[in-house]
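What follows is one structure encoded as structure tokens, with my remarks underneath.
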Amino acid sequence: MGKHWYHCFLRENTREAPPRCPASLLNALLVGGVLLTLFAFAFSRLEYDFHWHGVWAYRSKFLQGLGMTLVISFFSLFVSFILGLLFALGQKSRILPLYFLSRYYVEIIRGTPLLVQILVFFYVIANAFHVHNRYVTGVMILSLFAGAYISEIIRAGIDSIGQTQWETGRSLGLTRFQLYRFIIFPQVFKRILPPLAGQLVSLIKDSSLLSIISVSEFTLNAQEVNAYTYSTLESYIPLALGYLVITYPISHWSKKLEKTFAYET
Amino acid sequence: MRLSIRQLTKYFEGKAVLDDISLELSDVHSLAVIGPSGGGKSTLLRIIAGLLVPETGKVAINGREIPVEEEYLRRYRMTIGMVFQSYNLFPHLTALENIVLPLQRVHHMGREEALSQSGRLLHRFGLSAHGHKKPALLSGGQKQRIAIARAVAIRPSFLLFDEPTSALDPEYTSEVLDVIEELREERKDLILVTHEMGFAKSVADHVLFLDEGKIVSSGTPSEIFENPAEKRLRVFLDKVLKY
Amino acid sequence: MKKILFWIGLSGLFFSGCLSGEKDVLRVGMELAYPPFEMTDTNGTPAGISVDMAYELGEYLGRPVQISNISFDGLIPSLKTGKIDMIISSMTITEERSRSVTFSNPYSKAYLALLLNRDSPVESVEDLNKKGRVIAVKKGTTGHLYAREKLPSARINVFDKESACVLEVVQGKADAFIYDQMTIFTQWQKNIKTTRAVLEPFQDDFEYWGIAMRKGDPKLHGQVNAFLLEFKKSGGFERLAEKYLSKEKEIFESLGIPFFFSP
């Protein structure tokens with residue numbers, strides 16, 4: 001122990017996961033086992049009768065909800081990335097109104113709860129413009145919400161590219177557009193991949209809040225099944241597993257993609 | 001190359017980095033700029049490269065004044081080859097693509113032609129085997145030679161080097177200096193900011209000594225290195241040549 | 001390994017500590033979002049008819065009362081997992097709920113009503129059972145269950161909050177909001193320009209409210225039923241109606257619509 005006790009905890013600065021070896025596998029199983037034991041213990045202490053058949057009858061409702069969550073997340077991801085890109089560029093704009101619009105957008109969205117945004121956007125703003133489709137509105141709200149975070153991710157990514165890259169690009173006579181297109185963004189994209197994947201995972205989970213405007217997604221459907229069957233845990237455990245099934249491949253895939261894009265050794 | 005500098009001043013955060021510099025040179029092919037760090041060498045080079053705009057004063061090369069308006073500046077930069085101290089290759093592109101990109105995008109050369117021209121340059125600098133590698137896999141000397149190839153590829157009207165060997169391990173210095181020497185022998189005009197006094201002496205046909213934002217001495221290599229008239233220059237040379 | 005066992009032991013202590021409470025306290029769950037039955041006063045203290053009833057019951061049983069504010073669809077699960085001992089939350093006795101919990105004898109009856117958008121073509125509950133009709137309901141309420149069972153052709157949008165359902169109707173996003181008579185009446189009065197109300201009963205039978213308890217506790221069950229009988233006899237319900245509902249009662253009587261809070 002002593003002064004440098006943390007040496008026992010931290011591996012050296014490396015991007016690699018621990019090596020695949022018997023010790024590593026044993027540890028993975030051991031930790032998994034402990035976690036399972038903990039859960040099993042907690043559930044055993046619970047005075048609760050599980051009635052899965054009631055919930056099983058509603059399995060198609062779960063699947064429909066899961067599908068809707070995927071569809072909403074997909075469109076929101078697409079739109080939020082475009083919004084994020086536009087507003088990141090807005091923050092880099094020489095045109096002051098664009099700059100301030102982008103700053104206000106980011107600060108307002110990041111500084112207020114999504115719940116309030118959904119209510120205000122759906123019942124006030126969309127209503128004023130006669131947009132009554134709660135699915136379209138839902139995608140728009142989620143996109144605006146995630147877009148603010150993505151714009152900050154992209155902005156931070158752009159800022160992280162060293163001044164020398166800009167200077168070199170300029171010295172070669174690239175136009176500003178070409179600089180962004182060929183020099184900056186390809187490097188930014190690689191760097192922001194991990195936070196972007198994290199944002200996508202958040203987006204999928206945040207979409208559950210659309211249940212308050214009765215968007216029939218995964219969470220609302222599980223809540224409805226709960227309301228019909230009064231089987232809370234039986235309704236929510238599949239919900240948690242369902243989200244895990246969607247989000248785990250994303251983080252896995254992003255780690256793979258990260259490796260593909262790695263050019264610094 | 002004719003170089004004309006008139007009353008050039010550049011400030012950084014209220015401090016004059018270049019302080020009212022004037023200079024007239026004609027028929028120079030390779031100009032070396034020496035002097036202590038912070039003396040204004042790199043700033044002068046960046047103004048000549050069109051990367052910085054001075055507060056006052058004018059610079060003209062071969063009778064053409066360097067513009068100040070961005071779009072004209074960009075077109076001016078297209079005609080110059082600049083090599084930086086820390087190579088500044090684009091890390092996401094292969095060595096070959098680093099050379100191809102400006103040819104294709106800035107000089108609108110066809111992809112095939114750009115590829116073959118870049119390939120020829122790589123071959124000439126002995127880098128054919130490394131064209132497909134990302135910069136992270138290359139040594140410092142290889143990176144700097146790629147950077148020089150990138151600068152030469154666009155057929156610039158002159159080349160600028162900003163301490164091209166300062167970031168290199170000593171073992172790689174000579175391979176980079178050899179390339180520069182070779183370019184000089186082809187009568188390519190070049191301006192070189194350097195700490196390599198021996199190299200400046202052998203390569204340059206004119207040397208400037210900059211200190212505290214002023215040109216303290218200007219002359220042929222023998223005037224500068226063998227008979228330094230200025231006290232500050234003598235002190236500087238004593239220091240750098242001590243070991 | 002020793003350390004891990006230590007942590008498991010510690011978490012065990014923690015969990016058991018959470019589960020055991022003071023046995024004597026009567027923990028009553030309700031959603032404090034249904035005035036004047038379950039609400040909070042301006043200081044945030046629970047108040048209303050159900051709250052008063054809970055305290056009367058506590059006094060009758062000689063047990064201190066602790067009120068827990070729980071969202072409506074979380075009440076039965078909370079009861080089942082032992083977080084609370086009973087629900088007094090204007091809860092209608094239904095067959096489905098009776099499968100999960102035991103209800104006391106009914107202490108009040110009520111019925112559903114409709115809040116309609118002013119421009120909706122809907123005139124009665126029969127008009128709602130058509131393609132293209134949109135109904136807003138609050139999750140887990142009898143309005144929700146009624147719509148699901150009796151109005152299968154309509155589109156049913158489910159919300160967490162009563163206020164969202166009202167907004168849906170006000171903005172014409174939904175034709176109707178199905179909820180209890182008194183809330184519909186109050187919301188109609190608040191949004192008189194944009195809404196209409198159908199206050200006459202349309203169900204086959206009244207909805208009966210009961211106190212919900214965990215299954216398998218006949219002692220408490222018997223005590224609660226005895227209390228309700230006693231409370232009724234002593235005019236307790238009249239006192240509460242007088243305290244909380246006098247104005248509403250008057251208006252309903254003048255409109256000639258049967259008033260629902262009548263034990």
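Just so it is clear: chains get the letters A, B, ... in the order the sequence lines come, proteins before strands, and each one is counted from 1.
Counting heavy-atom pairs closer than 4.5 Å to chain A, the top-ranked of the candidates B:M78, B:R46, B:E71 is B:R46. When the candidates B:L73, B:V106, B:N88 are compared by the number of heavy-atom contacts under 4.5 Å with chain A, B:N88 comes out ahead.
Few gaps surround OH on A:Y180; more than 12 heavy atoms of other groups in view lie less than 6.0 Å from it. At most 12 non-hydrogen atoms from other residues, nucleotides or ligands lie less than 6.0 angstrom from CZ of B:R64. Sparse packing is recorded around NE2 of B:H123, with 12 or fewer heavy atoms of other residues, nucleotides or ligands lying under 6.0 Å away. The local environment of NZ in A:K205 is sparse, with at most 12 non-hydrogen atoms from other residues, nucleotides or ligands closer than 6.0 Å. Enclosure of atom CZ in A:R181 is not indicated, since only 12 or fewer non-hydrogen atoms of other residues, nucleotides or ligands lie within 6.0 angstrom. Heavy-atom neighbours of B:R74 CZ from other residues, nucleotides or ligands within 6.0 Å: above the threshold of 12.
For the atom pair CZ of B:F90 and OG1 of A:T164, the computed distance is 9.0 Å after rounding to the nearest 0.5 Å. Atom-to-atom distance recorded for A:L174:CG and B:R105:CZ is 10.0 Å, nearest 0.5 angstrom.
Put simply, the side chain of B:E70 reaches to within 4.5 Å of the side chain of A:R170, judged on heavy atoms. With contacts defined as side-chain heavy-atom distances shorter than 4.5 Å, the pair A:L172/B:R77 does not qualify.
Contact of B:L51 with chain A is made through backbone and side chain together, with heavy-atom distances under 4.5 Å. Contact annotation for A:Q165: both backbone and side-chain heavy atoms come within less than 4.5 Å of a heavy atom of chain B.
Across all non-hydrogen atoms, the minimal contact from B:P91 to A:Q187 is CG-OE1, 3.2 Å. Of all non-hydrogen atoms in A:I183 and B:H92, the two that sit nearest each other are O-CE1, 3.5 Å.
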